[in-house]
Q: 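This is the structure, below, for whatever I ask next.
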Amino acid sequence: MYFSCFCALSSLWMSWSLIIIRSCDGAPLTQNEMSSSAQPLHCWETEEFTVLRTCFLCRDYQMKTEAQCTFSGFVEELKCNTSGLIEHRSCRSAAAEELKFWKFEGAMLTFSTLFAVLVMFRQRTLDRRAEYKVQQQIQGI
């Protein structure tokens with residue numbers, strides 16, 4: 001069973017690596033191709049701007065429609081000073097990042113405690129087995 005799982009995983013890895021290698025073939029892009037395929041710059045990348053709303057959570061509808069919401073789920077609203085355009089820019093919420101960090105820390109503490117208890121239980125079991133074997137050898141003398 002283990003061998004068949006290993007064969008399946010190795011063949012899957014090989015097929016993915018072939019796909020990746022084939023997609024990476026070819027000559028590098030020329031300067032002309034790069035400039036034509038580059039996306040237009042946002043106004044906040046080229047001119048001064050003011051932040052209208054700091055980092056806020058996107059609504060469900062915005063998550064599906066706005067590309068900026070798909071990266072982190074948070075955006076900030078900016079107004080460009082020269083052009084007067086109002087645009088959204090993806091951002092990271094400090095509160096959300098802190099919450100993720102503490103969830104991770106809690107999970108790691110829980111798992112480490114659980115596995116420490118399991119190691120102690122296993123060590124006691126092995127010690128009892130070794131003691132039993134020594135007693136059997138002593139009784140056999």
Q: Check this for me: Q135, atom CD, are more than 12 non-hydrogen atoms of other residues, nucleotides or ligands nearer than 6.0 Å?
A: yes

Q: Measure the SG-NE2 distance between C69 and H88 for me, rounded to the nearest 0.5 Å.
A: 7.5 Å

Q: Can you measure from CZ (F49) to CD (E76) and round to the nearest 0.5 angstrom?
A: 7.0 Å

Q: Atom SG of C58 and atom NZ of K64: how far apart are they, to the nearest 0.5 Å?
A: 13.0 Å

Q: Could you check whether atom CG of D60 has more than 12 heavy atoms from other residues, nucleotides or ligands sitting under 6.0 Å from it?
A: no

Q: F111: what forms a side-chain contact (heavy atoms from CB on, under 4.5 Å) with it, not counting sequence neighbours?
A: A107, M108, F115

Q: Knowing that exactly one of R128, R122, R124 qualifies, which makes a side chain to side chain contact (heavy atoms under 4.5 Å, CB included) with L126?
A: R122

Q: Return the CD to CG distance between Q123 and L118, rounded to the nearest 0.5 Å.
A: 13.0 Å

Q: Heavy-atom count check: over 12 atoms from other residues, nucleotides or ligands less than 6.0 Å from E98 CD?
A: no

Q: Could you tell me which non-hydrogen atom of S90 sits nearest to which non-hydrogen atom of F71, and how far apart they are?
A: OG-CB, 3.6 Å

Q: Any chain of hydrophobic side-chain contacts (each under 4.5 Å) joining F104 to L114?
A: yes

Q: When you group the ILVMFWY residues by side-chain heavy-atom contacts below 4.5 Å and let the links chain together, are V51 and F56 in the same group?
A: no

Q: Can you see which heavy atom on N81 is nearest to which on E47, and at what distance?
A: N-OE2, 3.8 Å

Q: Any donor-acceptor pair under 3.5 Å linking the side chain of Q68 with the backbone of V75?
A: no

Q: Counting only N and O atoms by type, is there a donor-acceptor contact under 3.5 Å from the side chain of E97 to the main-chain atoms of R92?
A: no

Q: Can you tell me if H42 and E87 form a side-chain donor-acceptor pair at under 3.5 Å?
A: yes

